[in-house]
Every structure is written in structure tokens, then in C-alpha cells.
Amino acid sequence: MLNIALPKGRLGDKVYGLLEQAGFACPEMKEESRKLVFENPSAGLRYMLVKPSDVAIYVAHGAADVGVVGKDILAEGHYDIYELLDLGFGRCHMCVAAKEDYREDPGRPVRVATKFPHIAKNYYRGLNREIEVIKLNGSIEIAPLLGLSDVIVDIVETGGTLKENHLKVFEKIMPISARFIANKASYRFKGALIDSMAAKLQEREETK
């Protein structure tokens, strides 16, 4: 069995659609149910639906051979996996944003509100800038408006939410998109099949 971890939601649906077109179908996935694990024994495939932030954990620990996950999650978690392919969808950027009139005070640490403390620390470490990280789990845009932070480090797709809250992007840290990843041990033993899946995913995505 090739064990494939897909994120629940639209991203997982899109990836499965591409895999189905590429010949990696699992008819059980089409059935109405609340199951989280689906198998196609004749094709040697097992799909598992997991929380998007958990895909890399399942792959890194070998519970899944391959999976699809956002680059933001990989950069934040530092997982010991192979990143095989940029699937090219779900494109956005990890950015530093703040109120439109923000001016940095070099005399004190920058207060940074974020869901991604490791990415924020690595970015500002590269600038040799001291920061105070305020870890939040949602509504990041509110933090500068209420004086909780000077800036935010967050994913920005269209920038509409920032504009509505009178914030703007000051720096782009890194591009974000969906990545096809593999467990290192699995790749040693199932590399040909995994490479075939990656190639067909890339081919299908390029023709869309």
C-alpha cells in the first residue's frame, strides 16, 4: 500500500481530483461517509484525510508515505521529509504587515503578532533585529489596531483583509504554495511509484 495523506478541505479535494485523473483513483472516496481512511486494495492505495497542519507530521513519522502540505507549515515546523514538488496552487506570500502609518522604532524590539513564531524569528534573525513574539491563533490583523503588536507576520493572498483594516504589506518573507512531500524511508523503498505520482501530478497541474 502507498499511504497518501491529504488535507481536509478544498486543497485536499483538488489534489485528489488531480490524482484521480492521473490514474490514482480510490472509488471509496466518492461515497458519502464520515470515514477518514479510504482504500483501493487492487491499486495498492490508501488515502487518509487529516487536518492540514498535521499532514507533515503523518509523513515525517511514516504513518503516510506521501502527502500535500502548504510551504508555510513546512517552514514553521522543520520536518525531516523530502519536498519533491511545488504543485503551484494555493499561491500566496508570508509577509510582514502593519498599520499604514507604521514607523519602526530602532531603540526597542519589534513586537510581532503571528501564528508562525519560527518563521518570524528566522526572518528577523536574518536582519539582526531583536523581536518580541506574540503567538496568536486567529484574527491576527486586529493586533496592530489594538496596540498589541507593532507588526504581524502572516499569510497574505489578495491583501483585501489588510486593506479593510488599514494595514499594508511592508515586506514579503517567502512565497507559499502547496508542496508534494515524501517520507524519507518510504522514498527509498517506494521511490519509483512516488516519482511517478509526482510526475503525473505535475503534468496534470501544468495542463489545467
Side-chain angles (χ1 to χ4, degrees), residues 1-94 115-116 118-119 137-138 154-158 174-208:
M1 283 278 182
L2 185 70
N3 298 294
I4 307 155
L6 295 181
K8 296 178 183 177
R10 288 182 299 171
L11 177 57
D13 292 342
K14 180 169 185 178
V15 175
Y16 176 73
L18 293 175
L19 287 168
E20 184 179 41
Q21 294 169 29
F24 298 97
C26 180
E28 194 181 21
M29 294 275 283
K30 297 292 188 179
E31 298 174 5
E32 284 290 333
S33 76
R34 297 193 179 188
K35 291 178 64 174
L36 298 174
V37 179
F38 305 87
E39 294 185 356
N40 182 348
S42 63
L45 300 172
R46 180 185 291 119
Y47 285 94
M48 56 190 77
L49 299 179
V50 302
K51 188 176 179 181
S53 58
D54 289 341
V55 170
I57 297 173
Y58 278 86
V59 174
H61 288 274
D65 299 309
V66 296
V68 174
V69 64
K71 180 62 177 179
D72 54 311
I73 294 171
L74 295 179
E76 180 64 19
H78 305 293
Y79 300 98
D80 188 24
I81 50 86
Y82 289 135
E83 184 180 322
L84 300 179
L85 178 65
D86 181 349
L87 291 172
F89 49 83
R91 289 196 182 278
C92 48
H93 280 85
M94 185 71 67
K115 301 176 190 175
F116 306 96
H118 293 299
I119 292 174
N137 297 306
D154 202 12
I155 294 173
V156 177
E157 188 171 359
T158 65
M174 68 170 69
I176 303 294
S177 57
R179 308 299 168 98
F180 183 63
I181 63 172
N183 174 271
K184 289 185 173 180
S186 298
Y187 192 74
R188 284 203 303 272
F189 296 104
K190 305 177 184 179
L193 180 56
I194 292 171
D195 282 341
S196 173
M197 181 174 280
K200 290 178 180 178
L201 270 173
Q202 186 172 33
E203 179 184 327
R204 292 290 170 175
E205 182 58 26
E206 286 175 350
T207 59
K208 290 184 75 67

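If you read the sequence from its start, that first residue is 1, and numbering goes on from there.
Here the OH atom belonging to Tyr82 is positioned 11.0 Å from the OG atom belonging to Ser186, to the nearest 0.5 angstrom.
Glu28 contributes a side-chain N or O that, together with a main-chain N or O of Glu39, makes up a donor-acceptor pair within less than 3.5 Å. Between the side chain of Asn40 and the backbone N or O of Ala25, at least one donor-acceptor pair lies under 3.5 Å. Counting only distance, with no hydrogens or angles, the side chain of Lys71 and the backbone of Arg91 share no donor-acceptor pair below 3.5 Å.
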Review point. Are Leu18 and Phe89 close enough, and set up right, to give a side-chain contact (heavy atoms from CB on, under 4.5 Å), and what steps lead you there?
Key: CA-CA 12 Å; Leu18 293 175; Phe89 49 83; 3.9 Å; yes
Review point. Step by step, would you call Tyr47 with Leu19 a side-chain contact (heavy atoms from CB on, under 4.5 Å)?
Key: CA-CA 11 Å; Tyr47 285 94; Leu19 287 168; 3.7 Å; yes
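Counting heavy atoms from C-beta on, the side chains of Met197 and Leu2 come closer than 4.5 Å. The closest side-chain heavy-atom distance from Leu49 to Tyr16 is not below 4.5 Å. Side-chain contact between Glu20 and Cys26 is absent, with no heavy atoms from C-beta onward closer than 4.5 Å. In this structure, the side chains of Tyr79 and Val59 stay at 4.5 Å or more apart for every pair of heavy atoms. You'll find the side chain of Leu84 reaches within 4.5 Å of the side chain of Tyr187, heavy atoms only. In this structure, the side chains of Phe116 and Ile155 come closer than 4.5 Å at one or more pairs of heavy atoms. By the 4.5 Å heavy-atom criterion applied to side chains, Leu45 and Met29 are not counted as neighbours. Contact annotation: the side chain of Leu201 approaches that of Leu85 to within less than 4.5 Å [non-hydrogen atoms, C-beta and beyond].
Here the closest non-hydrogen pair linking Ser177 and Asp86 is OG-OD1, 2.7 Å. Looking at every heavy atom in both residues, Ile81 comes nearest to Lys184 through O-CE, 3.8 Å. Shown here for Val156 and Cys92, the closest heavy-atom pair between the two residues is O-CB, 3.2 Å. Nearest heavy atoms, Ile73 versus Ser53: CD1-CA, 3.6 Å. In terms of heavy atoms, Asp54 sits closest to Val50 at C-CG2, 4.3 Å. The nearest pair of heavy atoms linking Ala182 to Val66 is CB-CG1, 4.0 Å.
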